[in-house]
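Below you'll find the structure, written out as structure tokens, and then a few comments.
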There are 2 protein chains.
Amino acid sequence: MAITIKDVAKAAQVAPSTVSRVAADHPSISYETKKRVRKIMEEMGYHPNVNARSLANQSTQAIGIVMKSSADKALQNPFFPEVLRGISSVAHEQDYSLYVSTGETEAEVYESVQRMVFGKRVDGLILLYSQIDDRVTKFLLEQDFCFVLVGKPYEHADRITHVDNDNFTASYDITWELIHKGHEHIAFIGGDSNLVVTLNRLRGYEEALAKAGLPIRDDYHIHAELLKSGGREAVHQLFQLDEPPSGLVIADDLMSIGVITMLEEKGIKVPEDVSIVSFNNLYMSEISRPPLTTVDIQIYELGYQAAKCLIDKVNNKQEPSKRVIVPYEVVHRQSSRERRKPLHL
Amino acid sequence: MAITIKDVAKAAQVAPSTVSRVAADHPSISYETKKRVRKIMEEMGYHPNVNARSLANQSTQAIGIVMKSSADKALQNPFFPEVLRGISSVAHEQDYSLYVSTGETEAEVYESVQRMVFGKRVDGLILLYSQIDDRVTKFLLEQDFCFVLVGKPYEHADRITHVDNDNFTASYDITWELIHKGHEHIAFIGGDSNLVVTLNRLRGYEEALAKAGLPIRDDYHIHAELLKSGGREAVHQLFQLDEPPSGLVIADDLMSIGVITMLEEKGIKVPEDVSIVSFNNLYMSEISRPPLTTVDIQIYELGYQAAKCLIDKVNNKQEPSKRVIVPYEVVHRQSSRERRKPLHL
DNA sequence: TTGAAAGCGCTAACAA
DNA sequence: TTGTTAGCGCTTTCAA
């Protein structure tokens with residue numbers, strides 16, 4: 001059995017409560033005693049048992065991380081390690097531990113969240129996704145459990161503290177850039193259509209088209225679900241249209257790389273024939289060929305801010321809900337350029 | 001305050017211990033009582049407090065995951081989400097929770113591990129890397145704390161349960177394939193040279209060269225550390241040699257993609273001028289251009305097996321150390337091919 | 001400034 | 001088959 005507070009107390013000839021106070025650096029303990037007790041703690045190799053502490057305290061110093069169910073293995077997306085880095089950095093600074101949800105299906109993740117909440121394993125949760133009619137979000141709201149969302153809530157945005165980019169404007173901007181470069185036929189290839197981020201990026205794209213007086217065409221929309229199985233097919237169709245797009249707005253860098261490959265198979269060149277802009281600025285977007293013009297959404301920062309908000313909230317239940325918007329930045333690389341035949345020639 | 005075991009006991013008119021036994025599905029409780037108590041638990045919305053349970057039990061039903069310090073942000077490697085999927089799957093099946101280490105530097109990760117161990121937060125740990133003279137490994141061994149390593153231990157391989165691929169042979173095989181295709185000048189580009197996996201892959205490569213009677217040249221070795229800053233430089237040098245390589249064995253797909261890009265900048269074509277083979281079979285290796293010939297090391301399976309071993313060990317301290325070798329498979333794609341001018345022409 | 005003691009919610013040995 | 005009770009290791013109120 002490990003060294004407990006009692007062992008230290010005995011050795012230091014003080015009461016257990018004194019040791020506890022020393023550990024917590026309680027002000028009412030004399031410098032003398034603190035020094036002496038600390039020395040003994042050190043010598044004996046004392047380390048507090050967090051379970052006991054959690055039990056007595058009703059607080060765990062741990063935060064839970066919920067990721068979208070990983071059932072769709074295709075999404076081996078480096079987004080996750082990167083947010084985690086941000087979260088982990090704050091957590092370490094503040095002596096918080098990190099839990100992650102388990103499970104592969106949506107139902108399993110839901111169970112896992114229930115266990116964290118009811119089991120009092122964590123003081124709060126960070127949700128790494130935001131989707132339409134999400135049961136996890138609903139559950140947390142019902143339980144009035146402390147959580148922060150990375151992304152924009154689908155509902156109750158004013159009750160939910162969230163950290164997000166302005167995806168609408170980012171998408172608007174980047175689409176506008178294509179338009180500005182003379183592209184009139186611009187298609188949108190989106191991620192999972194249940195994700196709010198996909199919707200916002202789609203809206204930004206549409207808004208830009210509308211502003212430019214360009215039509216919004218249904219046959220210019222493809223979604224990730226389509227991309228996987230019938231991906232080749234979908235892209236194929238897109239480029240068989242009477243007016244194939246000369247520009248693509250793609251919701252994720254990883255998808256862009258896949259699309260570039262498909263296009264190449266068909267003898268379509270990027271950026272000569274088609275310009276591509278996308279999102280996230282993953283490491284890969286730099287080493288892709290051509291390197292991608294993409295929106296850097298600062299994934300690390302999203303994680304960092306989310307963790308900070310959560311810890312603030314945990315420490316003070318009165319903390320109002322906030323929204324933190326992490327700025328984005330368009331990174332210009334070679335996947336996009338002027339349209340060959342300029343507009344209105 | 002949430003519903004406790006006492007509340008349920010009172011409502012069901014039984015002793016708290018009975019409720020506890022029902023929750024644990026203890027055999028000595030009559031079917032009748034179980035049924036009745038369960039119904040009440042349900043009605044009242046009872047959920048056990050895991051901290052209290054851990055404290056009473058001396059067991060947490062949680063496993064910790066230690067990743068290599070993420071300080072080198074460059075490595076936005078999808079390896080991590082993928083092993084995690086494997087681990088998470090087992091964890092969920094067996095009702096285990098998952099902790100992850102926090103911290104960015106090696107020292108911070110070490111602290112974080114200490115906290116998990118001393119604080120009794122977890123029953124066991126999975127180390128996701130194996131490196132030379134690793135202090136975490138040393139610490140765990142000293143503490144006699146239960147853990148499993150993904151990779152091959154640098155020392156004490158017989159005392160440490162580990163899950164690994166046969167990286168030596170894999171590397172040998174894949175190098176041999178290049179040789180078989182007529183390549184005589186084959187260079188090795190490795191990952192972090194403190195990682196055991198890098199060493200093993202290097203050894204396999206060298207062994208194949210030796211077997212073929214080809215010389216092992218120092219100027220044919222590049223390591224990841226070099227790749228980052230002076231990467232361009234290093235590759236540049238490699239291809240300025242009197243006898244530049246016509247084949248490359250690269251320790252990670254992500255690096256391969258970077259290398260291909262650098263080569264392209266220099267007007268060197270893959271696979272026409274240089275053949276590339278690498279490791280991991282990440283999603284990207286399929287959508288890269290050209291798609292990569294690579295060793296599929298079954299990352300998910302590595303995680304799955306590691307978690308299984310760990311839980312076995314946690315449940316039975318007597319469990320002997322084992323080694324699990326997850327089979328690999330070479331996936332042939334377009335990044336490697338016959339050398340243009342065949343050998344001994 | 002320090003100590004005594006109750007209690008956080010659960011488990012398990014022992015008793016009935 | 002079930003109940004009583006003594007902890008698990010820590011915090012915190014109250015008293016000294």
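FYI, side chains are in, hydrogens and waters are out, and symmetry mates aren't considered; it's all heavy atoms of this structure. What you see is a predicted model, and the numbers here were worked out from it, not measured in a lab. Letters A, B, ... mirror the listed sequences (proteins, then strands); counts begin at 1.
- Among D/dT12, C/dC8, C/dT11, the nucleotide with an atom closest to any side-chain atom of B/Ala56 is C/dT11.
- Going from atom CG of A/Asn49 over to atom P of D/dG9 covers 7 Å, rounded to whole Å.
- A/Ser321 places a side-chain N or O within 3.5 Å of a backbone atom of A/Arg159 that can act as its donor or acceptor partner.
- Look at NZ on A/Lys6: it is 12 Å from P on C/dA4, rounded to the nearest Å.
- When the shell of 6.0 Å around NZ of B/Lys313 is examined, it contains more than 12 heavy atoms from other residues, nucleotides or ligands.
- For DNA chain C, no neighbouring residue in residues 24-45 of chain B is found when judged by any heavy atom under 4.0 Å.
- Contact between the side-chain N/O atoms of A/Arg53 and the OP1/OP2 oxygens of D/dT11 is found at a separation under 4.0 Å.
- You'll find that the side chain of B/Leu55 is closest to D/dC8, out of D/dC8, D/dT11, C/dT2.
- Side-chain atoms of B/Asn51 do not come within 3.5 Å of backbone N or O of A/Ser54 as any donor-acceptor pair.
- Contacts of A/Lys39 classified as salt bridge (charged side-chain N to carboxylate O under 4.0 Å, His left out), with partners at least two apart in sequence or in another chain: A/Glu43.
- For B/Arg21, the listed nucleotide lying nearest its side chain is D/dT4; candidates were D/dC8, D/dC10, D/dT4.
- Between B/Ser17 and C/dT11 there is no side-chain polar atom (N or O) within less than 4.0 angstrom of OP1 or OP2.
- Of the side-chain N and O atoms in B/Gln13, none sit less than 4.0 angstrom from OP1 or OP2 of D/dT2.
- Heavy atoms of B/Thr4 sit under 4.0 angstrom from primed sugar atoms or phosphate atoms, though from no base atom.
- Look at NZ on A/Lys10: it is 14 Å from C1' on D/dG9, rounded to the nearest Å.
- Protein atom NZ of B/Lys120 is 14 Å distant from nucleotide atom P of D/dC8, rounded to whole Å.
- Rounding to whole angstrom units, CD of residue A/Gln61 and C1' of D/dC10 are separated by 14 Å.
- A salt bridge is defined here as a Lys NZ or Arg NE, NH1 or NH2 lying under 4.0 Å from an Asp or Glu carboxylate O, and A/Lys322 with A/Asp312 meets this definition.
- Between the side chain of B/Arg36 and the backbone N or O of B/Ala12, at least one donor-acceptor pair lies under 3.5 Å.
- D/dT12 atom P lies 10 Å from atom CD of A/Gln58, rounded to whole Å.
- Atom CD1 in B/Ile40 sits 13.0 Å away from atom NZ in B/Lys35 (nearest 0.5 Å).
- Here A/Val14 lies in heavy-atom contact (under 4.0 Å) with sugar-phosphate atoms only.
- Within the structure, every side-chain polar atom (N or O) of B/Asn51 is placed at least 4.0 Å from both OP1 and OP2 of D/dC10.
- With the nearest nucleotide of DNA chain C identified for both B/Val19 and A/Asn57, A/Asn57 has the one nearer the 5' end.
- Taking atom CD1 of residue A/Ile3 and atom P of nucleotide D/dC10, one finds them 10 Å apart after rounding to whole Å.
- Distance alone, capped at 3.5 Å, places no donor-acceptor pair between the B/Lys68 side chain and the B/Leu195 backbone.
- Which of C/dG9, D/dT11, D/dG3 sits closest to the side chain of A/Ile5 comes down to D/dT11.
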